[in-house]
Structures are given as C-alpha cells and as structure tokens.
Amino acid sequence: DTGVSQDPRHKITKRGQNVTFRCDPISEHNRLYWYRQTLGQGPEFLTYFQNEAQLEKSRLLSDRFSAERPKGSFSTLEIQRTEQGDSAMYLCASSPGQGAVQPQHFGDGTRLSIL
Amino acid sequence: AQSVTQLGSHVSVSEGALVLLRCNYSSSVPPYLFWYVQYPNQGLQLLLKYTTGATLVKGINGFEAEFKKSETSFHLTKPSAHMSDAAEYFCAVSENSGGSNYKLTFGKGTLLTVNP
C-alpha cells in the first residue's frame with residue numbers, strides 16, 4: 001500500500017492556459033473521487049469513477065473540466081481555459097469497491113495557482 | 001441533501017487540556033460519519049468513522065467521537081491535547097441513495113491550535 005499519489009504537487013499557470021493533473025490511486029481500489037478545496041473551506045465533491053466509468057459529476061464541474069480514468073487505474077483531471085476562480089487544491093481519493101462504506105484515502109493534492 | 005456544520009472555525013487549547021470539536025449533520029437517511037485531519041500542504045488523513053453499531057467510536061492518536069442520533073451530532077474529543085495535534089479537522093458525512101457512490105460532504109473545518 002503506497003498510498004494515493006498526485007502529480008504535480010504544485011502548478012502555477014497563466015489565466016487561459018490548460019492544465020492537467022494526474023492521480024494514481026491505491027492499487028486495486030475500484031472507486032476514485034476528485035474533490036476541490038478552496039482556502040478556508042472543506043473539500044467539495046467534483047466527480048466519481050467506478051473502475052473506468054464516470055458515474056457522477058457535480059454541478060461544480062463546468063464544461064471546462066474533464067476527467068478520465070481510461071483503464072480503471074490512474075485518473076486525469078483537465079481544466080481548459082483556466083480562470084482565477086479555478087485556483088484551489090485539487091484532491092484525489094480512492095476506496096475499495098466492495099462493501100457498503102469504505103473510508104476514502106486521500107492524496108496530498110495538487111495546488112493550482114492562476115496568475 | 002446531506003450537510004455538515006462545524007461549530008467554531010478556530011479552537012485553541014493548552015497542551016494537556018481536553019479537546020472538543022463540534023460537528024452537527026443533516027441527512028435524509030442513516031448517515032455514515034467521518035473525521036479527517038489535515039496538516040499544512042497535505043491531504044486528509046482518516047481519524048475515525050461511524051457506520052453502524054457502537055455509537056462511541058475510537059480512532060487514531062487517542063481521538064474518539066460519539067454518534068448521537070437525537071442531537072444529530074458527532075463531536076470529536078481527546079482527553080489530553082498534544083502539540084502534534086495542531087492541525088485542521090474536518091467532519092464529513094456520506095450517504096448512499098442508490099448506486100456505488102459514497103461521496104463525502106465536508107464541513108468547513110476547525111483549526112485546532114495547541115498552546116504550550
């Protein structure tokens with residue numbers, strides 16, 4: 001169990017640029033979540049994958065956001081045409097697929113800063 | 001819809017004193033409840049969880065929480081604070097209305113400061 005890994009840890013970019021983040025969940029975890037955390041707030045749910053299927057997206061996830069999990073392992077989150085309001089910490093979490101409620105294990109996040 | 005309210009955005013205690021962090025939830029179905037801790041520039045680490053069964057839940061680092069359905073509360077306590085407990089604490093609720101998505105809804109967090 002090597003934990004959830006996120007890359008990069010920090011990303012600074014100019015407004016209007018596209019960015020992509022990667023998440024490697026704990027191996028054999030079927031469920032993968034993305035959350036966004038802004039300063040002084042708790043994390044907010046963005047989207048959920050069961051294996052490679054994206055089963056739910058929050059209304060927070062505008063058309064500029066897209067997430068994939070092509071082989072049911074790692075996931076990517078892309079933001080196109082970034083805006084100032086996209087500045088936040090983006091957290092990835094994973095959990096096992098069996099059983100009703102399994103705790104979500106979080107990565108250390110990617111902090112995005114928009115200049 | 002589920003929601004979480006954490007009373008007190010900042011709690012300050014002396015080392016060795018009791019820690020009490022308050023959490024109230026709203027859920028349309030029996031909830032699953034969690035406390036997570038976050039250190040600066042890190043992700044969230046699970047402290048403890050309540051799913052079913054015993055309402056007093058023990059977690060890591062000496063923390064515990066009690067689920068009180070009548071009060072819709074899940075307060076976090078620790079008898080004696082340590083300097084290393086200084087961090088931000090998040091209460092979260094999860095419910096399932098069908099399917100396999102157990103997304104978490106978090107409170108705004110409580111920053112715990114421990115004074116020597």
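The basis for the numbers below is simple: all heavy atoms, side chains too, and nothing from hydrogens, waters or symmetry mates. Keep in mind it's a predicted model, so treat the numbers as computed, not measured. Below, chain A is the first sequence line, B the second, and so on; all start at residue 1.
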Run the side chain to side chain contact (heavy atoms under 4.5 Å, CB included) test on B/Y102 and A/R31 for me, step by step, so that the C-alpha distance in whole Å, both residues' side-chain angles and the decisive distance to 0.1 Å come before the verdict. CA-CA 9 Å; B/Y102 290 89; A/R31 298 171 181 168; 3.6 Å; yes

Verdict with reasoning, A/Q37 to B/Q38, per side chain to side chain contact (heavy atoms under 4.5 Å, CB included): CA-CA 12 Å; A/Q37 184 179 20; B/Q38 186 177 34; 3.0 Å; yes

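Within the 4.5 angstrom heavy-atom criterion, only side-chain atoms of B/K49, from C-beta onward, approach chain A. For B/L44, the parts sitting under 4.5 Å from any heavy atom of chain A are the backbone and the side chain alike. Interface remark: A/Q50 contributes side-chain atoms only to the contact with chain B (heavy atom separation under 4.5 Å). Contact of B/E88 with chain A is not made at all, since no heavy-atom distance falls under 4.5 Å.
From A/L91, atom CG reaches atom CD of B/Q42 across 11.5 Å, with rounding to the nearest 0.5 Å. B/L104 contributes atom CG, which lies 13.0 Å from atom CD of A/E44 (distance to the nearest 0.5 angstrom). One distance of note links OH of A/Y35 with CZ of B/F106; it measures 5.5 Å at 0.5 Å rounding. Atom CG of B/N41 sits about 5.5 Å away from atom CZ of A/R111, to the nearest 0.5 Å. Here the NZ-CG distance, from B/K103 to A/L55, works out to 12.0 Å after rounding to the nearest 0.5 Å.
Panel note: side chain B/Y36, backbone A/F106; no donor-acceptor pair is recorded below 3.5 Å.
Both B/Y32 and B/L46 sit in one connected hydrophobic cluster of ILVMFWY residues. Membership requires side-chain heavy atoms under 4.5 Å apart, directly or through other members. B/L112 and B/F90 are assigned to two separate hydrophobic clusters, defined by single-linkage of ILVMFWY side chains at heavy-atom distances under 4.5 Å. Placement of A/L61 and A/F49 within a single hydrophobic cluster is found when ILVMFWY residues are connected by side-chain heavy-atom separations under 4.5 Å, directly or transitively. Grouping the Ile, Leu, Val, Met, Phe, Trp and Tyr side chains by contacts below 4.5 angstrom, directly or via other members, places A/L46 apart from A/Y33. Tracing side-chain contacts under 4.5 Å through hydrophobic residues (I, L, V, M, F, W, Y), one reaches B/F74 starting from B/Y89; they form part of the same cluster.
Considering every non-hydrogen atom in both A/P103 and B/F34, the closest pair reads CA-CE2, 4.3 Å.
Summarising the local packing, CZ of A/R15 is surrounded by 12 or fewer heavy atoms from other residues, nucleotides or ligands at distances under 6.0 Å. Heavy atoms of other residues, nucleotides or ligands lying less than 6.0 angstrom from CG of B/L56 number more than 12. Within 6.0 Å of atom CG in B/L20, more than 12 heavy atoms from other residues, nucleotides or ligands are found, so the atom counts as buried in its surroundings. Surrounding NZ of A/K57 are at most 12 heavy atoms belonging to other residues, nucleotides or ligands under 6.0 Å away.
Of the listed residues (A/S58, A/G40, A/G42, A/P43), the one with the most heavy-atom contacts under 4.5 Å to chain B is A/P43.
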